[in-house]
Number of protein chains: 2
Amino acid sequence: MQKETTIINENQAIRLLKQNGLSITDSRKKIVQLFLEQDGALAHGDIEKKAGEKFDRVTVYRTLQVFVDKGIIHTIPTADNSIRYALCKDDCGEGHHHDHHVHFVCDNCGVTYCLDDVVTPEIKLPKGYTAGHVEVVVEGVCKNCKTPFS
Amino acid sequence: MQKETTIINENQAIRLLKQNGLSITDSRKKIVQLFLEQDGALAHGDIEKKAGEKFDRVTVYRTLQVFVDKGIIHTIPTADNSIRYALCKDDCGEGHHHDHHVHFVCDNCGVTYCLDDVVTPEIKLPKGYTAGHVEVVVEGVCKNCKTPFS
DNA sequence: TTATCTTTTGCAACATTGTTGCTTTTTTGC
DNA sequence: GCAAAAAAGCAACAATGTTGCAAAAGATAA
């Protein structure tokens with residue numbers, strides 16, 4: 001079972017890389033797989049750890065950069081100086097990200113979730129300001145950490 | 001004129017430090033003054049530069065930490081791995097920040113503004129999630145960078 | 001499949017950013 | 001001004017991020 005899931009993810013990873021015109025390499029496959037296996041978002045450090053010391057730090061930095069450029073992953077700003085990355089939905093592509101969903105960081109487990117179904121609200125800005133992208137990060141307790149009777 | 005403003009800011013800085021039970025030192029005064037003189041938010045690096053190489057890097061780090069703890073300044077998350085800081089309104093204090101306003105980052109000039117009058121909206125979360133603090137960062141063009149006829 | 005060209009990786013060296021312990025200096029309260 | 005307390009400065013270190021270049025792996029076409 002474990003193995004089967006891994007293979008499915010590997011195939012999906014390869015498909016995703018090909019779609020974006022990227023060479024299929026071990027590190028790219030592995031990193032995409034990590035995102036596919038993962039419920040939440042990943043920071044650079046997480047990826048290095050989860051990859052099992054297999055790849056050079058530089059490779060991870062460059063791979064993440066390529067993925068962001070190609071619209072495969074997007075960044076999530078946090079208050080602790082550690083950018084997190086998460087897979088983009090299908091409508092993102094090279095040069096244009098469309099991540100209009102809210103992000104959620106759990107106080108308890110620290111996991112960052114993409115709430116794909118929660119759309120960022122319209123913000124009414126003061127006169128003179130023009131809005132581009134709106135980023136919303138909610139901090140609180142996630143569904144897994146919620147205590148049953150509270 | 002220049003000098004007079006500086007003095008006013010210095011007095012205000014001293015008042016702010018005293019209110020929070022902090023010793024009055026050159027670095028603290030200077031750093032508070034930088035925030036008072038400044039329209040937008042400041043990153044650690046900005047402060048080091050603006051202070052004119054006068055203070056040790058460690059002093060700046062520790063001062064900012066103290067200010068955050070005391071509720072004098074608050075942090076603003078960004079997507080570029082550089083936390084920014086801005087003055088809190090009066091209703092923040094030690095151990096409890098109340099920054100329910102929206103932040104704005106200008107694409108053109110890079111300045112980060114606190115839009116004190118724009119309140120963060122209510123976000124409806126999926127079942128099981130409990131919201132604590134909500135952080136909204138809008139990216140776009142600010143009032144100063146707006147071209148007259150567009 | 002192999003030869004060749006292109007892309008990516010890994011390494012080394014470096015730059016920047018942030019942290020910690022400890023001594024000296026400054027501030028505070030008397 | 002003096003003693004106690006707080007903060008600054010220094011040094012050393014840790015973590016994070018960047019760049020150039022040679023070696024390795026991937027893509028392409030005969």
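In what follows, every heavy atom counts, from backbone to side chain, and hydrogens, waters and symmetry copies are set aside. A note on names: the letters A, B, ... follow the listed sequences, proteins ahead of strands, and every chain is numbered from 1.
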How long is the line joining CZ of Arg28(B) and C1' of dA7(D), in whole Å? 6 Å

Whichever of Glu48(B) and Val66(A) has its nearest DNA chain C nucleotide further upstream toward 5': Val66(A)

Atom CD of Gln65(B) and atom C1' of dT20(C): how far apart are they, to the nearest Å? 14 Å

First encountered from the 5' end of DNA chain D, between Ser23(B) and Asp56(B): Ser23(B)

Which is more 5' along DNA chain C, the nucleotide nearest Arg62(B) or the one nearest Leu22(B)? Just name the residue. Arg62(B)

What's the shortest heavy-atom distance between Cys114(A) and Ile76(A), and which atoms? SG-CD1, 4.3 Å

Closest of dA27(D), dT17(C), dT18(D) to the Tyr61(B) side chain is dT17(C)

Starting at atom NZ of Lys29(A), determine the distance to atom C1' of dT8(C), rounded to an integer number of angstrom. 14 Å

For Ile47(A) and dG17(D), give me the distance from atom CD1 to atom P, rounded to whole Å. 11 Å

In this structure, how many angstroms lie between the C1' atom of dT27(C) and the NZ atom of Lys18(B), rounded? 12 Å

Rounded to the nearest Å, what distance is computed from the CG atom of residue Asp26(B) to the P atom of nucleotide dT24(C)? 21 Å

Selection from dG26(D), dT19(C), dG17(D) that lies nearest to any side-chain heavy atom of Arg57(A): dG17(D)

Under 4.0 Å: is that the gap between some side-chain N or O of Thr59(A) and OP1 or OP2 of dG10(C)? yes

Whole-Å gap separating C1' (dT16(D)) and CG (Asp80(B)): 14 Å

So Tyr129(B) and Phe104(A), ring-ring contact (aromatic ring centres under 6.0 Å, His included) or not? Walk me through it. CA-CA 9 Å; Tyr129(B) 290 86; Phe104(A) 186 93; 4.9 Å; yes

Given dT28(C), dG18(C), dG10(C), identify the nucleotide with an atom nearest to the side chain of His44(B). dG18(C)

State, yes or no, whether a side-chain contact exists between Thr78(B) and Ile83(B) at a heavy-atom distance under 4.5 Å. no

Would you indicate, yes or no, if dA8(D) has its OP1 or OP2 atom less than 4.0 angstrom from a side-chain nitrogen or oxygen of Ser27(B)? yes

Under 4.0 Å between a side-chain N or O of Asn81(A) and OP1 or OP2 of dG18(C)? yes

Could you tell me whether the side chain of Pro126(B) reaches within less than 4.5 Å of the side chain of Lys143(A), counting heavy atoms only? no

Would you say Thr25(A) places a side-chain N or O within less than 4.0 Å of OP1 or OP2 belonging to dT9(C)? yes

Per Thr63(A) side chain, nearest of listed nucleotides dT9(C), dA27(D), dT28(C): dT9(C)

Do His101(B) and Asp117(B) have side-chain heavy atoms sitting under 4.5 Å apart? no

In whole Å, I'd like the distance from the NZ atom of Lys30(B) to the P atom of dA8(D). 15 Å

Which nucleotide in the list dA8(D), dA11(D), dG10(C) gets nearest to the side chain of Phe55(A)? dG10(C)

